[in-house]
Number of protein chains: 2
Amino acid sequence: MTNSTPRQRARLETEAQITRIGNRMLDDDGLDGVSLRAIARELGIVSSAIYRYVKNRDELLTILIRDAFTSIADDVDEALEHDTSVLTVGVTMLSWSRRHPNRWALIYGTPIPDYQAPRDETVVPGTRIMVTLTTLLSQSSPHQTSNSQVPPAHALDPLREGLRELGLEPDDQVIMRTVTVWAAIIGLINALRFGQFGPGIELVEDELMQGLVSTLGY
Amino acid sequence: MTNSTPRQRARLETEAQITRIGNRMLDDDGLDGVSLRAIARELGIVSSAIYRYVKNRDELLTILIRDAFTSIADDVDEALEHDTSVLTVGVTMLSWSRRHPNRWALIYGTPIPDYQAPRDETVVPGTRIMVTLTTLLSQSSPHQTSNSQVPPAHALDPLREGLRELGLEPDDQVIMRTVTVWAAIIGLINALRFGQFGPGIELVEDELMQGLVSTLGY
DNA sequence: GATGTTAGAGAGCAGTGCTCTCATTCATTG
DNA sequence: CAATGAATGAGAGCACTGCTCTCTAACATC
């Protein structure tokens with residue numbers, strides 16, 4: 001006896017198709033191109049029927065966001081197996097962003113208006129790389145002694161609490177370094193992906209990442 | 001004899017009102033809240049009449065973008081008069097972003113889909129801070145000797161050309177340092193404004209900027 | 001085989017940007 | 001000063017979005 005009826009199988013298939021089409025529309029036309037009506041159209045279904053599979057547009061976005069976070073974190077994890085370094089994190093993320101610019105914008109760009117990320121679904125995959133980076137920076141210290149002063153202990157409380165929930169207990173120096181490195185890496189990629197340096201810069205992306213990481217002392 | 005008819009004066013007033021309302025809607029509800037129909041409604045005008053004053057939505061956005069770039073660059077210029085340092089650039093931009101988060105997202109966040117910035121109108125105000133930063137970094141060298149290797153000369157050609165058009169001729173070392181510092185500062189502010197570190201981090205924004213700039217060697 | 005759930009159709013609401021036509025008001029010019 | 005032409009606004013309409021509600025038909029289960 002099969003424990004799945006034809007209807008159940010059809011539903012799973014349709015759900016998978018929806019996320020597939022959604023991801024494709026995101027890649028092709030950006031977030032604005034992701035339209036529930038267009039997906040329904042492509043499924044050969046009337047527009048209202050799509051709501052049998054997806055509560056609303058935000059729920060679809062949550063799926064796409066989770067997918068993207070997972071994809072980039074998987075890439076980073078795999079790359080770190082071959083070479084465990086901050087630079088590897090940077091260039092791997094950079095490479096991923098080059099292949100999926102719209103997905104990058106979805107997870108690291110301007111927050112989507114009115115969208116509220118459901119903690120349970122996106123927080124965990126969304127923090128994977130940061131956790132990895134924190135442990136990485138806990139082990140290796142920077143080549144240059146960074147003279148960055150640590151702010152008053154209580155100021156870092158909320159951040160420390162957030163990291164504790166993820167199973168980490170780094171000291172304040174490491175927290176500060178992590179935040180700095182994190183912001184710098186994402187900032188560089190954002191600046192590149194969003195074209196803030198004008199055209200032509202694509203040719204030196206990797207060199208810029210290398211320069212940045214080495215400037216940060218890693 | 002007045003060189004302006006009542007009609008001309010009314011037009012100027014209406015145009016000013018449109019940008020005023022547009023800016024307010026941007027501040028209040030983000031870019032998605034900026035709707036031509038809503039502006040027309042507030043002007044007591046039928047929706048189609050708004051197109052007598054504004055070619056289309058993109059033209060309004062161009063105005064808002066130019067305004068924002070000018071505003072933040074003015075702030076930076078004024079702050080630098082009192083204290084000429086990289087840190088001042090960073091904290092001033094950070095402070096501006098705190099006061100105008102939606103305007104910040106407009107100019108430094110994810111590019112607006114399908115929007116094409118008209119070179120003549122936005123490029124000049126949009127590059128003011130970067131030009132300032134480049135000259136700043138041309139004069140003062142970093143405290144730590146950054147061991148960032150410079151990429152092959154031709155790779156920086158497009159960037160060098162862009163800077164030349166703005167009246168600058170920095171050497172490659174300075175270009176690399178500028179790009180790095182620029183990306184790091186914007187990246188940190190983006191990460192803060194876009195809530196990538198979770199809630200509670202607002203309390204240490206300035207300290208983070210201080211730490212970042214000092215880590216960069218300034 | 002009756003019952004209840006699920007998938008889908010279809011109409012409709014409110015909102016957006018934008019275009020086109022028509023009327024009215026104003027400014028300029030013969 | 002009267003006529004011409006430009007500027008302003010009204011109104012209807014198109015195409016698109018997310019989303020809701022009601023109804024019907026297919027399917028699964030008891």
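Chain identifiers are assigned alphabetically (A, B, ...) following the order of the sequence lines, protein sequences preceding nucleic acid strands; residue numbering begins at 1 within each chain.
One cannot find a donor-acceptor pair under 3.5 Å joining the base of D:dG18 and the side-chain atoms of A:Arg57.
Side-chain nitrogen and oxygen atoms of B:Arg11 include at least one within less than 4.0 Å of the OP1 or OP2 phosphate oxygen of D:dT8. For C:dT16, one of the phosphate oxygens OP1 or OP2 lies less than 4.0 angstrom from a side-chain nitrogen or oxygen of B:Arg41. Close to C:dG8, at under 4.0 Å from its OP1 or OP2, lies a side-chain N or O of A:Tyr53.
The shortest distance between side-chain heavy atoms of A:Thr92 and A:Leu80 does not fall below 4.5 Å. In this structure, the side chains of B:Val34 and B:Asp29 stay at 4.5 Å or more apart for every pair of heavy atoms.
The side chain of A:Thr5 sits closest to D:dT29 out of C:dA27, C:dA7, D:dT29. Minimum atom distance to the side chain of B:Arg7 is reached by D:dT8, of the listed D:dG9, D:dT8, C:dC18. Proximity note for B:Ala49 (side chain, C-beta onward) versus D:dA10, C:dA27, C:dT16: the nearest is D:dA10.
In this entry the distance linking CD of A:Gln17 with C1' of C:dA7 reads 15 Å, nearest Å. For the pair B:Asp32 CG and C:dG17 P, the interatomic distance rounds to 10 Å; values are reported in whole Å. Distance CD1 (B:Ile39) to C1' (C:dT16): 13 Å, rounded to an integer number of Å. As rounded to whole Å, 19 Å separates atom C1' of C:dA7 from atom NZ of A:Lys55. Across the protein-nucleic acid pair, A:Arg9 atom CZ and D:dC27 atom C1' stand 13 Å apart, rounded to whole Å. Atom CG in A:Leu36 sits about 16 Å away from atom C1' in C:dG8, given to the nearest Å. A straight line from CG of B:Asp29 to P of C:dT16 spans 12 Å, rounded to a whole angstrom. Atom CD of B:Glu59 is separated from atom C1' of C:dC18 by 14 Å (rounded to the nearest Å).
Look at A:Asp114 and A:Arg57 and you find no salt bridge, because none of the NZ, NE, NH1 or NH2 atoms lies under 4.0 Å from a carboxylate O. Comment: B:Arg20 does not engage B:Glu42 in a salt bridge, judged by the lack of any side-chain N to carboxylate O separation of less than 4.0 angstrom.
Both B:Ser48 and A:Val34 lie near DNA chain D, and the one whose nearest nucleotide falls closer to the 5' end is B:Ser48. Where A:Arg37 and B:Pro6 meet DNA chain C, the nucleotide closest to each residue was compared, and A:Arg37 sits on the side nearer the 5' end.
Checking side-chain atoms of A:Thr180 against main-chain N and O of A:Met176 turns up a donor-acceptor pair under 3.5 Å.
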